[in-house]
Amino acid sequence: MRIIVSGCAGFIGSHLTERLLADGHDVVGVDNFISGSRANAEKLRRLPRFQFLEHDITNPLLVEGPCERVYDLACPASPVDFGPHRLEILAVCSRGVWQLLDFARARGARILHASTSEVYGDPQEHPQSETYWGHVNPIGARSCYDEGKRFGEALLTAYHNQHGSEIRIPRIFNTYGPNMRRDDGRMLPTFIDQALRGAPLTVHGDGRQTRSFCYVSDLVEGLVRLMESDVSEPVNLGNPVEITILQAAQEVIQLTDSSSRITHVPRPADDPAVRRPDITRAQTRLGWNPVVERADGFARTIEWFKATVHKFHD
Ligand code: UDP
């Protein structure tokens with residue numbers, strides 16, 4: 001198949017593109033580098049059957065030739081981006097998704113748009129299943145992303161209902177692995193970077209808030225299964241093993257054999273207190289289960305940081 005991947009230079013997009021190429025597909029990767037990395041794009045450029053287009057998807061996508069699938073992963077997704085890029089995030093989640101839906105419709109292509117656990121906000125139901133409508137502050141610190149992604153789900157559903165578009169909506173929970181940016185701002189790259197430098201690990205608040213961390217190869221497997229399934233409703237994709245942020249910090253210190261200590265810093269506004277996916281729908285409808293244990297995934301991510309990012313900063 002010929003497949004478009006928007007956000008191909010980002011963390012998840014780069015892994016997904018490699019996987020689709022390895023499966024024998026032709027991939028046109030699109031990115032405007034607002035948060036994607038040029039290093040990821042350069043690595044992809046060396047692979048056969050890959051074509052790169054530097055493009056902002058809020059403008060019409062001009063790609064000639066056939067296209068059977070569109071994976072839309074183009075959006076800054078780290079909470080540190082929600083401040084400086086709030087308008088760009090709202091634009092890509094609305095005009096950008098709209099452009100790709102029109103593109104997919106014109107080609108008769110199926111479209112998967114990356115949604116997020118952030119649609120559940122600071123959840124009052126735990127764990128979160130797809131039937132939960134969420135608890136989101138529409139004018140809060142994270143609202144550009146949370147409401148943007150909620151709008152994206154509404155837009156896909158409207159295209160499905162009004163035009164018969166084939167849509168897929170993964171709600172992606174916290175994911176980690178190689179290719180994350182060192183300055184990404186998210187918990188794991190931040191903690192690994194700090195531990196490898198012997199700097200204090202900056203735990204927000206008392207660190208009793210929880211998250212559930214999914215290794216990127218598991219997530220990519222879920223995305224591909226969902227795309228090739230017949231499920232047009234949202235599907236949670238994430239690892240249901242939940243830990244506190246304090247525990248994650250302690251595990252990183254242990255796995256890096258670091259002398260770093262933990263320091264407590266103020267917790268950002270609207271930071272969800274808990275997050276854990278109910279993955280029953282993915283298990284039953286896609287036959288999907290995450291398989292990479294956290295200790296293994298954390299260790300692989302640490303090795304990647306040591307071999308790449310820290311090689312240049314030691
Ligand atoms: N966090 C932290 N220290 C950091 C970065 C993040 O304690 O340096 C916390 C953050 O407050 C949140 C959790 O780790 O409770 C996960 O944050 P992340 O930015 O990775 O993603 P989120 O789940 O908030 O989208």
Side-chain angles (χ1 to χ4, degrees), residues 10-12 35 73 75-86 89 93 114-123 126-128 134-137 140-150 170-216 219 236-253 256 258 260-277 294 297-298 301-302 305 309:
F11 161 50
I12 296 175
S35 57
L73 287 97
C75 187
S78 171
V80 296
D81 296 323
F82 299 167
H85 295 309
R86 46 173 75 88
I89 288 171
C93 288
S115 187
T116 168
S117 55
E118 298 276 345
V119 299
Y120 301 122
D122 191 6
H126 193 65
Q128 296 78 53
H135 179 231
V136 171
N137 177 356
R142 304 167 86 103
S143 65
C144 57
Y145 190 70
D146 298 8
E147 296 292 10
K149 289 293 180 180
R150 289 168 70 94
R171 289 185 179 153
I172 301 174
F173 283 65
N174 293 72
T175 302
Y176 70 95
N179 293 6
M180 292 184 100
R181 282 175 6 231
R182 179 182 194 239
D183 61 349
D184 172 288
R186 274 180 280 204
M187 186 210 75
L188 197 62
T190 305
F191 285 174
I192 293 175
D193 179 54
Q194 290 165 337
L196 292 178
R197 287 188 290 111
L201 271 64
T202 50
V203 168
H204 295 164
D206 61 13
R208 281 193 295 179
Q209 67 272 33
T210 67
R211 293 294 187 273
S212 310
F213 295 96
C214 186
Y215 191 67
V216 66
L219 191 269
N236 287 341
L237 293 178
N239 190 315
V241 180
E242 181 182 12
I243 57 168
T244 66
I245 298 310
L246 195 56
Q247 187 183 342
Q250 287 159 347
E251 289 181 3
V252 169
I253 290 176
T256 48
S258 170
S260 290
R261 301 160 68 100
I262 287 171
T263 178
H264 293 270
V265 300
R267 197 154 151 226
D270 293 338
D271 184 42
V274 291
R275 189 180 289 152
R276 170 157 62 101
R294 191 174 65 252
F298 274 20
T301 310
I302 290 165
F305 266 84
V309 185

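Order of listing sets the numbers, starting from 1, for every ligand and every atom in it. Predicted, not measured: the structure shown is a model, and the values here were computed from it. Basis for what follows: all heavy atoms, side chains included, without hydrogens, waters or symmetry-related copies.
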To the nearest 0.5 Å, what is the distance between [atom1] ([X]) and [atom2] ([Y])?
| X | Y | atom1 | atom2 | value |
| --- | --- | --- | --- | --- |
| Leu188 | Ile302 | CG | CD1 | 7.0 Å |
| Ile245 | Thr210 | CD1 | OG1 | 7.5 Å |
| Glu242 | Ser212 | CD | OG | 5.0 Å |

Close approach, Arg275 and ligand 1, non-hydrogen under 4.0 angstrom: yes

I'd like to know if Ala77 contacts ligand 1, where contact means a heavy-atom distance under 4.0 Å to any ligand atom. no

Phe11 ring center near Tyr176 ring center (under 6.0 Å):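 Centroid separation for Phe11 and Tyr176: 6.0 Å or greater.
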
Among protein heavy atoms, which lies nearest [atom], and at what distance?
| atom | answer |
| --- | --- |
| atom 10 (C) of ligand 1 | His204 ND1, 3.4 Å |
| atom 21 (O) of ligand 1 | Asn174 ND2, 3.6 Å |
| atom 16 (C) of ligand 1 | Arg211 NE, 3.7 Å |
| atom 15 (O) of ligand 1 | Asp271 OD2, 2.8 Å |
| atom 20 (O) of ligand 1 | Met187 N, 2.8 Å |
| atom 24 (O) of ligand 1 | Arg142 NH2, 2.9 Å |

Need the ligand 1 atom indices (1-based, order shown) with element for anything under 4.0 Å from a heavy-atom of [X].
| X | value |
| --- | --- |
| Glu118 | 25 (O) |
| Thr202 | 2 (C), 3 (N), 4 (C), 7 (O), 8 (O) |
| Val203 | 7 (O) |
| Arg186 | 18 (P), 19 (O), 20 (O) |
| Gly185 | 5 (C) |
| Ile245 | 7 (O), 13 (C), 14 (O) |
| Thr190 | 8 (O) |
| Gln209 | 11 (O), 15 (O) |

For [X] and [Y], indicate whether the former's side chain and the latter's backbone hold a donor-acceptor pair under 3.5 Å.
| X | Y | answer |
| --- | --- | --- |
| Gln209 | Arg267 | no |
| Asp270 | Ala141 | yes |
| His264 | Gly205 | yes |

What's the verdict on salt bridge (charged side-chain N to carboxylate O under 4.0 Å, His left out) for Asp271 and Arg211, showing C-alpha distance, side-chain angles and the deciding distance? CA-CA 11 Å; Asp271 184 42; Arg211 293 294 187 273; 2.8 Å; yes

Over all heavy atoms of both residues, which pair between Thr202 and Phe191 is shortest? Give the atoms and the distance, please.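 Closest heavy-atom pair between Thr202 and Phe191: O-CE2, 3.5 Å.
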
Given side chains that start at C-beta, do those of Thr175 and Leu237 come closer than 4.5 Å, heavy atoms only?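 Side-chain contact under 4.5 Å: no.
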
